[in-house]
Amino acid sequence: MRDTYDAVVIGGGPAGLNGALMLARSRRSVLVVDAGEPRNAPADAVHGLFALDGTPPAELRARGRAEVERYGGHVTTGSVVGVTPGFTVTLADGRRIGARRLLVTTGLTDVLPDIGGLRERWGRDAVHCPYCHGWEVRDRAIGVLATSPMGIHQAMMFRQLSDDVVLFTADPPTGEQAVELSARGIRVVPGEVAALEIAGDRITGVRLKDGTVVPRDAVAVATYLRARVDFLEPLGLKAVPHPGGFGEHIPAAPDGQTDVPGVWVAGNVTDLTAQVGASAAAGALAGARINGDLIAEETRQAVAAAS
């Protein structure tokens with residue numbers, strides 16, 4: 001490892017590795033710092049990704065790391081605990097690394113509602129995204145747990161995948177929403193959900209706080225999405241509420257550039273709903289923009305030196 005890199009990429013998921021790949025192929029010195037805590041770790045496979053659908057997440061990351069290293073990039077395992085202006089990146093083990101530019105791709109944390117059994121089934125038969133996991137629960141008896149305004153939207157989306165969808169909500173919809181749910185054949189069960197019923201390593205039902213159990217084979221639930229960016233506060237960057245009201249993110253320009261010069265973001269840290277393909281594409285764009293920014297800086301320096 002070097003003491004200083006053209007770019008340090010914080011986060012080793014699809015956005016970070018694709019950004020690093022673009023930089024390494026541009027003959028930039030680049031280091032990827034990966035904490036090894038991917039959001040999709042509970043999932044068996046990545047879905048909806050062209051030509052790679054069904055690939056296990058760990059395999060995809062391993063292949064991405066190998067590609068970055070093939071072009072001279074470096075990848076290290078570690079957690080970033082601080083970044084100072086300039087930039088100096090400090091890891092939890094005490095290592096300090098200089099960077100001319102930063103690409104932050106640390107993703108987000110799914111904050112799960114307090115429902116018994118949900119965490120144990122997360123990413124298996126308790127899911128959140130119809131495009132990531134919908135096919136895998138198709139034609140099952142699906143329960144949608146409305147823990148946010150996204151619940152009704154989720155129920156509509158999962159109804160495309162199964163004829164048996166039940167919406168569990170403490171605040172039953174009225175008016176046009178109720179009419180639309182009825183028209184789609186989505187049953188509404190009022191009441192607060194207490195826990196999932198589990199037997200034989202699978203969900204068998206949803207238990208309400210009044211003790212009622214409704215048989216279900218799978219559940220869908222929206223989580224609160226929180227970007228992993230606490231270490232950026234010394235730079236004046238912190239997560240802010242997303243306009244959609246379902247999480248916190250770092251706002252950025254379409255190419256990932258933040259309000260802090262020299263700092264880019266990509267993937268779920270800024271786009272809370274991006275799937276793997278979109279995150280990788282955003283990382284590639286940010287990597288290209290960083291390379292261009294470095295070229296512009298080096299050109300200015302060369303002109304000044306020649307004057």
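Positions are given from 1, in the same order as the sequence printed here.
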Could you tell me whether Glu233 atom CD has more than 12 heavy atoms of other residues or ligands within 6.0 Å of it?
-> yes
Flag yes if Ile198 and Ile142 sit in one hydrophobic cluster, no otherwise; membership is Ile, Leu, Val, Met, Phe, Trp, Tyr, and two members link when side-chain heavy atoms are under 4.5 Å apart.
-> no
Walk me through it: do Tyr224 and Thr147 pass the test side-chain contact (heavy atoms from CB on, under 4.5 Å)?
-> CA-CA 9 Å; Tyr224 188 77; Thr147 57; over 6 Å; no
Working for salt bridge (Lys or Arg N to Asp or Glu O under 4.0 Å), residues Asp230 and Lys238 = CA-CA 7 Å; Asp230 290 348; Lys238 62 184 301 183; over 6 Å; no
Taking Asp44 for the side chain and Pro56 for the main chain, is one N or O donor matched with an acceptor at less than 3.5 Å?
-> no
Nearest heavy-atom pair of Gly11 and Thr105: which atoms, and what distance?
-> O-OG1, 2.9 Å
Are Leu294 and Leu103 in one and the same hydrophobic cluster, where Ile, Leu, Val, Met, Phe, Trp and Tyr link if side-chain heavy atoms are under 4.5 Å apart?
-> yes
So do Leu52 and Leu60 actually touch side chain to side chain, heavy atoms under 4.5 Å?
-> yes
Does Gln275 reach the side chain of His47, with side-chain heavy atoms less than 4.5 Å apart?
-> no
Are Arg226 and Thr109 close enough that a side-chain donor and a side-chain acceptor fall under 3.5 Å?
-> no
Give a yes or no on whether the backbone of Thr90 and the side-chain of Arg96 come within a donor-acceptor separation of less than 3.5 Å.
-> no
Side-chain contact, heavy-atom cut-off 4.5 Å: Glu248 with Val240?
-> no
Closest contact, heavy atoms only, His133 versus Ala43 | CE1-CB, 4.2 Å
Could you tell me whether the side chain of Thr270 and the main chain of Val265 form a donor-acceptor pair under 3.5 Å?
-> no
In Å, rounded to the nearest 0.5 Å, how long is the span from CD1 of Ile10 to CZ of Phe87?
-> 9.5 Å
Flag if over 12 foreign heavy atoms under 6.0 Å of CG, Asp93 | yes
Would you call Arg202-Asp125 a salt bridge at under 4.0 Å N-O?
-> no
Sub-4.5 Å side-chain heavy-atom contact between Val8 and Val30 = no
Backbone N/O of Asp201 and side chain of Arg121: donor-acceptor pair under 3.5 Å | yes
Hey, does the side chain of Arg228 reach the backbone of Leu108 with a donor-acceptor pair shorter than 3.5 angstrom?
-> yes
Throw together a table of side-chain donor-acceptor distances under 3.5 angstrom for residues 165-193, partners on residues two or more places apart or in other chains.
unit_1: Thr169; atom_1: OG1; unit_2: Asp171; atom_2: N; d: 3.0
unit_1: Thr169; atom_1: OG1; unit_2: Asp171; atom_2: O; d: 3.3
unit_1: Glu192; atom_1: OE1; unit_2: Lys209; atom_2: NZ; d: 3.1

Cluster question for you: counting only ILVMFWY and a side-chain heavy-atom cut-off of under 4.5 Å, with indirect links fine, are Val229 and Ile97 together?
-> yes
Between CZ on residue Arg138 and CG on residue Leu161, distance to nearest 0.5 Å | 9.5 Å
Spatial distance of atom CG (Leu118) from atom CG (Leu145) [nearest 0.5 Å] | 7.0 Å
Which heavy atom of Gly54 sits nearest a heavy atom of Ala45, and at what distance?
-> O-CB, 3.4 Å
Audit row: Asn40, Val46, side-chain contact (heavy atoms from CB on, under 4.5 Å) steps and yes/no = CA-CA 8 Å; Asn40 61 2; Val46 171; 4.0 Å; yes
Side-chain donor-acceptor pair under 3.5 Å between Thr55 and Arg63, yes or no?
-> no
Shared hydrophobic cluster for Val221 and Val206 (ILVMFWY, side-chain gaps under 4.5 Å) | yes
List the steps, then state whether side-chain contact (heavy atoms from CB on, under 4.5 Å) holds for Phe231 with Thr106.
-> CA-CA 11 Å; Phe231 59 86; Thr106 42; 3.9 Å; yes
Taking 4.0 angstrom as the limit, do Asp164 and Arg159 come out as a salt bridge?
-> no
Is it true that Arg39 and Asp110 have a side-chain N and a carboxylate O under 4.0 angstrom from each other?
-> yes
Can you find a heavy atom in the side chain of Val263 that is under 4.5 Å from one in the side chain of Leu237?
-> yes
Straight-line distance of Tyr71 OH to Ser26 OG, nearest 0.5 Å = 11.0 Å
Within the distance-only criterion (no hydrogens, no angle test), does the side chain of Thr88 pair as donor or acceptor with the backbone N or O of Thr84 below 3.5 angstrom?
-> no
Can you tell me if Asp53 uses its side chain to pair, donor with acceptor, with the backbone of Gly48 under 3.5 Å?
-> yes
With a cut-off of 6.0 Å (strictly less than), are more than 12 heavy atoms of other residues, nucleotides or ligands near CG of Asp114?
-> no
Between the side chains of Thr273 and Asp271, does any donor sit under 3.5 Å from an acceptor?
-> yes
Short side-chain to backbone donor-acceptor contact, Ser29 and Asp6, under 3.5 Å = yes
Is Arg119 close enough and on-axis enough to Trp122, meaning under 6.0 Å and within 45°, for cation-pi?
-> no
What pair of heavy atoms forms the shortest contact from Pro130 to Met157, and how long is it?
-> CG-CB, 3.8 Å
Close side-chain approach of Val214 to Arg207, heavy-atom, < 4.5 Å = no
Might you confirm whether atom CZ of Arg25 has over 12 heavy atoms from other residues, nucleotides or ligands at distances under 6.0 Å?
-> no
Are Leu91 and Ser79 side-chain neighbours, meaning at least one heavy-atom pair lies under 4.5 Å?
-> no
dist Leu17:CG -> Asp34:CG (nearest 0.5 Å) comes out at 7.0 Å
Measure the CG-CH2 distance between Leu102 and Trp264 for me, rounded to the nearest 0.5 Å.
-> 10.0 Å
Answer yes or no: is there an ion pair linking Arg28 with Glu298, defined by an N-O contact shorter than 4.0 Å?
-> yes
Compare all side-chain heavy atoms of Val219 with those of Ile203 and state whether any distance is below 4.5 angstrom.
-> yes
Would you confirm whether Glu67, through its side chain, and Leu21, through its main-chain N or O, come within 3.5 Å as a donor-acceptor pair?
-> no
Under 3.5 Å, side chain of Asp217 to main-chain N/O of Arg140, donor-acceptor pair present?
-> no
Do Val33 and Leu232 share a hydrophobic cluster, counting only Ile, Leu, Val, Met, Phe, Trp and Tyr and linking them when any side-chain heavy atoms are less than 4.5 Å apart?
-> yes
More than 12 non-hydrogen atoms from neighbouring residues, nucleotides or ligands closer than 6.0 Å to CZ on Arg27, yes or no?
-> no
Output, in order, the C-alpha distance, side-chain angles, deciding distance and verdict of side-chain contact (heavy atoms from CB on, under 4.5 Å) for Leu225 and Phe246.
-> CA-CA 6 Å; Leu225 309 175; Phe246 50 82; 3.9 Å; yes
